[in-house]
K.L.:
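One structure follows; several queries about it will come next.
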Protein chains: 2
Amino acid sequence: MLFTHMVERQEADRLAAILKASSDPSRRSILTLLAQEGPLRITDIAARYDISLNSVSKHIKVLEAAGLVTRRTEWREHLIEIQMEPLSLVDQWFNELRSIWALRLDALEAALKEDDND
Amino acid sequence: MLFTHMVERQEADRLAAILKASSDPSRRSILTLLAQEGPLRITDIAARYDISLNSVSKHIKVLEAAGLVTRRTEWREHLIEIQMEPLSLVDQWFNELRSIWALRLDALEAALKEDDND
DNA sequence: CCATCATTCACCCAAACGGTTGACTGACTT
DNA sequence: AAGTCAGTCAACCGTTTGGGTGAATGATGG
């Protein structure tokens, strides 16, 4: 059905964004930092690393696009907060993979048992 | 302790490899294919896509380096099999993140309760 | 009125990436 | 002896990516 495909496509894109965003070590480090310290300004985050403020700003935008982070802008100060929810989409993909794999094994086992009866 | 750090470093590198490997759509698709069809030759995999055999061969090498796939070489035929175990390392990282985050919230809550008593 | 501050924007650069093509290897088929 | 087959290696191309610099913005504080 068309609608289902659209939803699936959307989810696939979201998954892609999440995985790509978390595939970079700097961004993973920023996520950890945000998890332990709570919401931080971009400047505060940049202060922890020896990369430029600009670079951090770009990383935040990538994380934001993936939904891994949200931004609360209070005039010139942007408070960045980690968002855990998107991780579940990755969990979901893993579980799908695992169940597809298990399904095939089950079928294989059944086929073997069938062979026994011959 | 030095030894612990070495182990952690190793694990971090492995996590990085796994996330980067699964951040590409073609590679994710290949993984799904392998999950549902079982071990396949590189040629068989390539036949499913309109990218060259060479390109698939490279993707397989990336997946192999991440441990997401193993190779059983029977002379010129290379049987590629999906490996689920590495996914648990990503699960593990997610859970660490979530627990770090929860820990901070707990501390925050405790501090608020403390304030109430003033 | 001028400086400061937090952030983004517009470029620039080098490295990495996904993909291609072409040559090579080594056994099996004809 | 020649050709096919499965896969790798090496070189190349265009695009993306992570990083950097410098300027712009726009309210706030001297």
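Heavy-atom basis, side chains included; hydrogens, waters and symmetry copies ignored. Numbered from 1 within each chain, the chains take letters A, B, ... in sequence-line order.
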K.L.:
Assign a letter to each nucleotide of nucleotides 24-30 of chain C from its 5' end: B, base within under 4.0 Å of a protein heavy atom; S, sugar-phosphate only; -, no contact.
P.N.:
--BS---
K.L.:
Could you pull out all donor-acceptor pairs under 3.5 Å where a side-chain atom in residues 79-88 of chain B meets a protein atom, sequence neighbours excluded?
P.N.:
unit_1, atom_1, unit_2, atom_2, d
B:Gln83, OE1, B:Thr70, OG1, 3.1
B:Glu85, OE2, B:Arg14, NH2, 3.0
B:Ser88, OG, B:Glu85, O, 2.7

K.L.:
Scan the side chains in residues 56-66 of chain A for donor-acceptor partners under 3.5 Å anywhere in the protein, sequence neighbours excluded, and list what turns up.
P.N.:
unit_1, atom_1, unit_2, atom_2, d
A:His59, ND1, A:Arg27, NH1, 3.1
A:Glu64, OE1, A:Arg71, NE, 3.3
A:Glu64, OE1, A:Arg71, NH2, 2.8
A:Glu64, OE2, A:Arg71, NE, 3.2

K.L.:
Which pair of heavy atoms, one from B:Ser22 and one from B:Arg28, lies closest together, and at what distance?
P.N.:
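In this case the closest contact between B:Ser22 and B:Arg28 is O-NH1, 2.8 Å.
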K.L.:
Would you give the length of the straight line joining atom OG of A:Ser99 to atom CG of A:Asp106, rounded to the nearest 0.5 angstrom?
P.N.:
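It is 10.5 Å, given to the nearest 0.5 Å.
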K.L.:
Rounding to an integer number of Å, can you tell me how far A:His78 NE2 sits from C:dC5 C1'?
P.N.:
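Taking atom C1' of C:dC5 as the reference, NE2 of A:His78 is at 12 Å.
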K.L.:
CG/B:Leu89 to CD1/B:Ile18 distance, rounded to the nearest 0.5 angstrom?
P.N.:
4.5 Å
K.L.:
List in chain and number order the residues that pass side-chain contact (heavy atoms from CB on, under 4.5 Å) with A:Thr32, two or more places apart in sequence or in another chain; answer none if no residue qualifies.
P.N.:
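A:Thr32 satisfies side-chain contact (heavy atoms from CB on, under 4.5 Å) with A:Gln36, B:Trp93, B:Leu97, B:Ile100 once adjacent residues are dropped.
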K.L.:
With sequence neighbours left out, write down each residue that passes side chain to side chain donor-acceptor pair (under 3.5 Å) with B:Ser29, or none if nothing qualifies.
P.N.:
B:Tyr49
K.L.:
Quick one: list whatever passes salt bridge (charged side-chain N to carboxylate O under 4.0 Å, His left out) with B:Glu77, sequence neighbours left out.
P.N.:
B:Arg41
K.L.:
Figure out the CG/C1' separation between A:Leu79 and C:dT7, and round it to whole Å.
P.N.:
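Atom-to-atom, A:Leu79 to C:dT7, this comes out as 13 Å.
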K.L.:
Are A:Leu40 and B:Leu105 co-members of a hydrophobic cluster defined by side-chain heavy atoms under 4.5 Å apart?
P.N.:
yes
K.L.:
Heavy atoms within less than 4.0 Å of DNA chain C: which residues of residues 15-24 of chain B have one? Give them sorted by number.
P.N.:
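Within residues 15-24 of chain B, the residues near DNA chain C are B:Lys20, B:Asp24.
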K.L.:
Using only atom types and a distance under 3.5 Å, with no angle test, would you say the side chain of A:Ser55 pairs donor to acceptor with the backbone of A:Ser52?
P.N.:
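No: the side chain of A:Ser55 does not pair with the backbone of A:Ser52.
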K.L.:
Restricting to side chain to side chain donor-acceptor pair (under 3.5 Å), what partner residues turn up for B:Glu37, sequence neighbours left out?
P.N.:
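In terms of side chain to side chain donor-acceptor pair (under 3.5 Å), with neighbours along the sequence ignored, B:Glu37 is linked to B:Arg48.
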K.L.:
Angle, rounded to 10°, between the helical axes spanning five pairs at each terminus of the helix from C:dC1-D:dG30 to C:dT30-D:dA1?
P.N.:
10°
K.L.:
Where along residues 48-68 of chain A does a heavy atom fall under 4.0 Å from DNA chain D?
P.N.:
A:Asp50, A:Ile51, A:Ser52, A:Asn54, A:Ser55, A:Lys58, A:His59
K.L.:
Nearest-Å distance, CD (A:Glu74) to C1' (D:dA27)?
P.N.:
14 Å
K.L.:
Rounded to the nearest 0.5 Å, how far does CD1 of B:Ile51 lie from CD1 of B:Ile30?
P.N.:
5.5 Å
K.L.:
Apply side-chain contact (heavy atoms from CB on, under 4.5 Å) to B:Asp91 and list each qualifying residue two or more places apart in sequence or on a separate chain.
P.N.:
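A:Asp91, A:Phe94, A:Arg98.
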K.L.:
If I take atom CG from residue B:Leu15 and atom OG from residue A:Ser23, how far apart are they, to the nearest 0.5 angstrom?
P.N.:
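So the gap between those two atoms works out to 10.5 Å.
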K.L.:
Near DNA chain D, counting only heavy atoms under 4.0 Å, which residues of residues 26-40 of chain B show up?
P.N.:
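The answer is none.
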K.L.:
Specify the closest pair of heavy atoms between A:Arg76 and A:His78, including all atoms of both residues, with the distance to one decimal.
P.N.:
O-CD2, 3.4 Å
K.L.:
Taking CD from B:Glu77 and C1' from D:dT4, how many angstroms apart are they, rounded to a whole number?
P.N.:
14 Å
